[in-house]
Protein chains: 2
Amino acid sequence: MSMESDQSPLQIRIHEPLCAVFRRRLKAEGQKYTPERAQILDAIIKLDDVFEAEQLQDELRRSGFRVSKATVYRTLKLLQDAGIIQQVLLDAEQARYQLIYGRTPRDLLIRVDTNEIVSIDAPELTELCERICREHGLALQGRRFQIYAAGD
Amino acid sequence: MSMESDQSPLQIRIHEPLCAVFRRRLKAEGQKYTPERAQILDAIIKLDDVFEAEQLQDELRRSGFRVSKATVYRTLKLLQDAGIIQQVLLDAEQARYQLIYGRTPRDLLIRVDTNEIVSIDAPELTELCERICREHGLALQGRRFQIYAAGD
DNA sequence: GTCGGTGCAAATGCTTTGCATTGAT
DNA sequence: ATCAATGCAAAGCATTTGCACCGAC
């Protein structure tokens, strides 16, 4: 009923650049917004897809930046903590990541024959998740949904 | 039209013991049904849950068997190929596994506060998966669905 | 008796960490 | 100037592999 109240402290400014979000978060934690971190976030935005640490480093190199693996991994962790990216688990070999800030879905359709990955939109999934949590008396925190399919 | 034909060679005998399934598969591939492999499958059945390689080895030890990690991993791979178990990806740290042969669901509800894992039953998910694949003109191969939730 | 299987220890590959140096604030 | 961040190389850890010996068929 009190929909106008300010119970939730997070006011998302929809079109705020991601780098500003990241910068703010870092400042709040007493951490620094370095060129490396800025470049890594830029590269992630350019990739605009599910990516692995190595691909990210490649993209950085392509843009003319050399960042060490150590820094890549450290920054990926920071970005996860900031809620900007999320791990995507496709297999046990290595972790992948995906931009999630300001985006609703991260449900994936994975073509096992071509390794192509497509985002799918399934609003009823959210309802389903909420219903299941309600039945268990729990609060929904998130979900991971992947469909594996092959062509023709 | 020729539904009575023997196009599909697999005739699943519903209550056939898993070890028989495994044994048959191994024989078909010219591989051997060793005590280690039998014990590993037994231990998996006893665990009856999502498990990691280390837990499996512990269960084996508890039953009085010493099997090397190498053999554990090699057998886990065989069991996956045989369609008896499946990897469950909960985090990037390590792989987990789960018995799937003869079981429909492997959808999980994960309590982030207690790390408890519960299987959930959601038949409408299957329909959803099939519909999405149909829309993309692809054949459904499998799915991975996990809900993350917290108590109270 | 033959191959395939096992254990061991070494190798692998992704990810993390210790440390001296560099740099954002 | 300070304190966190970087790069490098070494360490960690789950998983895989090479090889000599063993055992299921």
Side-chain angles (χ1 to χ4, degrees), chain A residues 19-20 22-44 50-58 60-61 63-82 85-98, chain B residues 19-20 22-44 50-58 60-61 63-82 85-98:
Chain A
C19 57
F22 192 28
R23 174 174 238 153
R24 176 151 31 88
R25 163 74 180 214
L26 288 170
K27 182 165 285 182
E29 305 276 333
Q31 296 169 315
K32 291 168 186 171
Y33 186 69
T34 65
E36 286 84 357
R37 292 176 181 177
Q39 291 303 334
I40 287 172
L41 182 49
D42 270 13
I44 289 173
V50 175
F51 63 91
E52 26 195 277
E54 182 94 30
Q55 295 176 335
L56 178 54
Q57 210 180 16
D58 289 348
L60 285 161
R61 251 191 286 271
S63 306
F65 296 96
R66 234 210 59 80
V67 182
S68 71
K69 268 269 162 61
T71 296
V72 167
Y73 280 113
R74 285 189 275 236
T75 305
L76 285 173
K77 193 157 289 176
L78 289 173
L79 288 165
Q80 283 183 80
D81 294 343
I85 65 171
Q86 189 193 44
Q87 277 196 344
V88 181
L89 304 175
L90 299 184
D91 57 50
E93 314 311 315
Q94 75 191 288
R96 271 91 172 182
Y97 304 85
Q98 187 180 31
Chain B
C19 55
F22 193 26
R23 174 174 240 152
R24 176 151 32 87
R25 165 74 181 213
L26 288 171
K27 181 165 286 181
E29 304 277 332
Q31 297 171 314
K32 291 168 187 170
Y33 185 69
T34 65
E36 286 84 357
R37 292 177 180 176
Q39 291 303 333
I40 287 172
L41 182 50
D42 269 14
I44 289 173
V50 175
F51 63 90
E52 27 195 278
E54 182 94 29
Q55 296 175 335
L56 178 54
Q57 210 180 14
D58 290 348
L60 285 161
R61 251 191 285 271
S63 305
F65 296 96
R66 237 211 58 80
V67 181
S68 72
K69 267 271 161 61
T71 296
V72 167
Y73 280 114
R74 284 189 275 235
T75 306
L76 284 172
K77 194 156 290 175
L78 288 173
L79 288 165
Q80 284 182 79
D81 294 343
I85 65 171
Q86 189 193 45
Q87 278 198 342
V88 181
L89 304 175
L90 300 183
D91 58 49
E93 315 310 316
Q94 75 191 287
R96 271 91 172 181
Y97 304 86
Q98 189 180 30

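Being a predicted model, the structure only gives us computed values, none of them experimental. In the text below, chain A, chain B and the rest are named by the order of the sequence lines, each starting its count at 1.
The separation between Asp58(B) atom CG and dA14(D) atom P is 13 Å, rounded to whole Å. Atom CD in Gln94(B) sits about 14 Å away from atom C1' in dG12(D), given to the nearest Å. Between the CD atom of Glu29(A) and the P atom of dC3(D) there is a distance of 18 Å, rounded to whole Å. Summarising the geometry, the separation between CG on Leu90(B) and C1' on dA14(D) is reported as 15 Å, rounded to the nearest angstrom.
Atom CZ in Phe22(B) sits 13.5 Å away from atom NZ in Lys27(B) (nearest 0.5 Å). A distance of 7.0 Å separates CD in Gln94(A) from CG in Asp91(A), rounded to the nearest 0.5 Å. Of the inter-residue distances, the one linking Glu29(B) atom CD with Asp81(B) atom CG reads 8.0 Å to the nearest 0.5 angstrom. Note: Leu79(A) CG to Arg25(A) CZ = 10.0 Å, rounded to the nearest 0.5 Å. Interatomic distance, Ile85(B) CD1 to Ile44(B) CD1, rounded to the nearest 0.5 Å: 5.0 Å. One finds the CZ atom of Phe65(A) at 3.0 Å from the CD atom of Gln39(A) (value rounded to the nearest 0.5 Å).
Each of Arg37(A) and Arg66(A) was assigned the nucleotide of DNA chain D with the nearest heavy atom; the assignment lying further toward the 5' end belongs to Arg37(A).
For Gln87(B), the side chain to side chain contact (heavy atoms under 4.5 Å, CB included) partners two or more places apart in sequence, or in a different chain, are Ala92(A), Gln80(B), Leu89(B), Ala95(B), Tyr97(B). Scored by the salt bridge (Lys or Arg N to Asp or Glu O under 4.0 Å) test, Glu52(B) finds Arg96(B) as partners (sequence neighbours excluded).
Within the 4.5 Å cutoff, side-chain heavy atoms of Gln31(B) are placed close to those of Arg37(B).
Across its full length, the helix from dG1(C)-dC25(D) to dT25(C)-dA1(D) shows an angle of 40° between the axes of its 5 terminal pairs at either end, rounded to 10 degrees.
Between chain A and DNA chain C, the heavy-atom contact criterion of under 4.0 Å yields a 5' to 3' nucleotide range of dC14(C) to dT25(C).
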Strictly under 4.0 angstrom, non-hydrogen atoms only: write out the protein contact profile of nucleotides 16-25 of chain D, one letter per nucleotide from the 5' end, B, S or -. BBB----BBS
Could you walk me through whether Asp58(A) and Arg61(A) pass side chain to side chain contact (heavy atoms under 4.5 Å, CB included), step by step? CA-CA 5 Å; Asp58(A) 289 348; Arg61(A) 251 191 286 271; 3.7 Å; yes
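Using a 4.0 Å heavy-atom criterion, one finds that Ala92(A) contacts no nucleic acid atom at all.
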Only distances under 3.5 Å count here; give the side-chain donor-acceptor pairs of residues 66-78 of chain A to other protein atoms, sequence neighbours excluded, each with its distance to 0.1 Å.
{"residue": "Ser68(A)", "atom": "OG", "partner": "Thr71(A)", "partner atom": "N", "Å": "3.2"}
{"residue": "Ser68(A)", "atom": "OG", "partner": "Thr71(A)", "partner atom": "OG1", "Å": "3.2"}
{"residue": "Lys69(A)", "atom": "NZ", "partner": "Glu54(A)", "partner atom": "OE1", "Å": "3.1"}
{"residue": "Lys69(A)", "atom": "NZ", "partner": "Gln57(A)", "partner atom": "OE1", "Å": "3.4"}
{"residue": "Thr75(A)", "atom": "OG1", "partner": "Thr71(A)", "partner atom": "O", "Å": "2.8"}

